[in-house]
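Notes follow the structure.
Only a predicted model underlies this, so the values are computations on that prediction, with no experimental measurement involved. In the text below, chain A, chain B and the rest are named by the order of the sequence lines, each starting its count at 1.
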There are 2 protein chains.
Amino acid sequence: MRKGEQTRHDILGEAVALASELGLEGLSIGPLASRLGMSKSGLFAHFGSKEELQLATLRRAQQRFEETVFRPALAAPRGLPRLRALFERWLAWADDPGLPGGCVILGATAEYDDRPGPIRDALAGAQHRLREAVARAVEIAVAEGHFGPETDPEQFAFELFAIVLAAHHDRRLLADPAARNRAGRAFERLVAYYAPRASMRGTVTGDRPSAGAGARSDLFAGKDAP
Amino acid sequence: MRKGEQTRHDILGEAVALASELGLEGLSIGPLASRLGMSKSGLFAHFGSKEELQLATLRRAQQRFEETVFRPALAAPRGLPRLRALFERWLAWADDPGLPGGCVILGATAEYDDRPGPIRDALAGAQHRLREAVARAVEIAVAEGHFGPETDPEQFAFELFAIVLAAHHDRRLLADPAARNRAGRAFERLVAYYAPRASMRGTVTGDRPSAGAGARSDLFAGKDAP
DNA sequence: GAGAAAATAGCACGAACGTTCGATAATAAC
DNA sequence: GTTATTATCGAACGTTCGTGCTATTTTCTC
């Protein structure tokens, strides 16, 4: 009873890596089995259908995202520092050695975003929850005074996601090493725009916006996780 | 000699629609042939290999993007209006009835961004040229005085692309009708950020001879039907 | 250690795929 | 109108895929 769970765990580890390169659709049972040194039918018995394997692989990737990106970011101080930590980890996520072909979730989204079914449901649900969690973090930043009170949390979450998406795109397709830097500047511009001082708005400053609004974690030491 | 080109044209029209739903990889010859009321082998003879069909389909999608999005935007006045027209058309592109499953190019990018070969090359090359073309449009906007002189054109192109990407994502996966509005607000914020300071520097360049609206269309300069 | 239960292997199936080939029908050239 | 060329078809091949069935080996329980 316990040996099965172990191999199932190993299988999903390889499955995430393989799905990263070939997509959830291209994740085929034969090559996955031979990578693990086991038979096709032996592997198949763990899931009962390919779709179940795909769902389990997707859930595993989502779980790893939460453990690698989201939860550690929650350890950062409330408000902007937390958002900054989230952003940094999110960018690094696509370079995870366990994801040789980029983010599995984004890849699966491109494949299943117009094919109704449990996979699409799982993707949409997770995306919805993530976006809401980011929006909550933005609300906290507003409460902390890092952003102005008229800040729209969902709008912020949308724009943050947009930056991550484009960075992932440029790194994967164009292999552009400048992508990360560009993403960073876009993030700073985003943060600067919503900063409480309205004078920031619509102005053009050559240098990076000063980290006035609690960018350093030591400024707000003491206030911690909710 | 001419009948063949006509059917080839018809085939690629359907191929783009099918690839929009199932991806370039999922574009299979059998179903495509039966959609067109012709035999598998008859269709196959036009391309000689599946990869050639995929490449031709991709080139056709790129050509349609240029005709539908980019070239018409060039007809708008230089500078910010042109960028705005580009942005609007770009957003509408994903809702094109000929693309029932979203942008073929973005879909293909997700599939082939880490698989070396002619398809990836075509994608990366086109993306590079598009990004450069947008950057040139931004340079013009700077010259027109619509943006401040320290505006980084490539950074702007990156951020503009990010907005479009996220809008496409939210519309496809989340079926979120608010996506377009959010993208619009992100665009306005982008434009506002790079706007010149209130201290009017005026429109510096009166009349540098414009390249004209219907200038060049070498965006996706790929050889077509060989 | 014996027996029950679970995990894995081996094999075969039907379907779908890209591709080939020879035959036939449609079109273009003269 | 005849002929040469091109376009299309139908059938088949070799693979690969997901899946089901039956043994056999491994693991857990008492």
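The separation between B:M38 atom CE and C:dT24 atom C1' is 15 Å, rounded to whole Å. Spacing between atom CD of A:E5 and atom C1' of D:dC28 amounts to 14 Å, rounded to whole angstrom units. The distance between atom CZ of B:F47 and atom P of C:dT20, rounded to the nearest whole Å, is 15 Å. Rounded to an integer number of Å, the gap from CG of B:L36 to P of D:dA7 is 16 Å. The distance between atom CG of B:L32 and atom P of C:dA16, rounded to the nearest whole Å, is 17 Å. One interatomic measurement links the two molecules: CG of B:L43 to P of C:dG18, which rounds to 10 Å at whole-angstrom precision.
Shown here are the side-chain hydrogen bond (donor to acceptor under 3.5 Å, both in side chains) partners of A:E52, two or more places apart in sequence or in another chain: A:R59. Applying the ring-ring contact (aromatic ring centres under 6.0 Å, His included) rule to A:H169 yields the partners B:F161; only residues at least two apart in sequence or on another chain are considered. Evaluation of the salt bridge (Lys or Arg N to Asp or Glu O under 4.0 Å) rule for B:R171 yields B:D95 as partners, not counting sequence neighbours.
Residue pairs meeting the ring pair (Phe, Tyr, Trp, His ring centres under 6.0 Å) criterion with at least one partner in residues 68-87 of chain A, sequence neighbours excluded, are A:F87-A:F187.
In this model, the phosphate group of C:dT8 is approached by a side-chain N or O of A:H46 to a distance below 4.0 Å at OP1 or OP2. For the OP1/OP2 pair of D:dA7 and a distance below 4.0 Å, the side-chain nitrogens and oxygens of B:T7 include no atom meeting the criterion.
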task: Quick one, give me the B/S/- string for nucleotides 15-22 of chain D, reading 5' to 3', where B means a protein heavy atom under 4.0 Å from the base and S means that only happens at the primed atoms, P, OP1 or OP2.
output: --SBBB--
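Below 30°, between 30° and 60°, or above 60°: for B:Y194 and B:F156 the angle between ring planes is between 30° and 60°, a tilted geometry.
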Contacts table for residues 96-113 of chain A: side-chain donor-acceptor under 3.5 angstrom, sequence neighbours left out:
from: A:D96; atom 1: OD1; to: A:R64; atom 2: NH2; distance (Å): 3.1
from: A:D96; atom 1: OD1; to: A:G98; atom 2: N; distance (Å): 2.6
from: A:D96; atom 1: OD2; to: A:R64; atom 2: NH2; distance (Å): 3.4
from: A:T109; atom 1: OG1; to: A:I105; atom 2: O; distance (Å): 2.8
from: A:E111; atom 1: OE1; to: A:L24; atom 2: N; distance (Å): 2.9
from: A:E111; atom 1: OE2; to: A:E25; atom 2: N; distance (Å): 3.4
from: A:Y112; atom 1: OH; to: A:E25; atom 2: OE1; distance (Å): 2.9
from: A:Y112; atom 1: OH; to: A:Q54; atom 2: NE2; distance (Å): 3.1

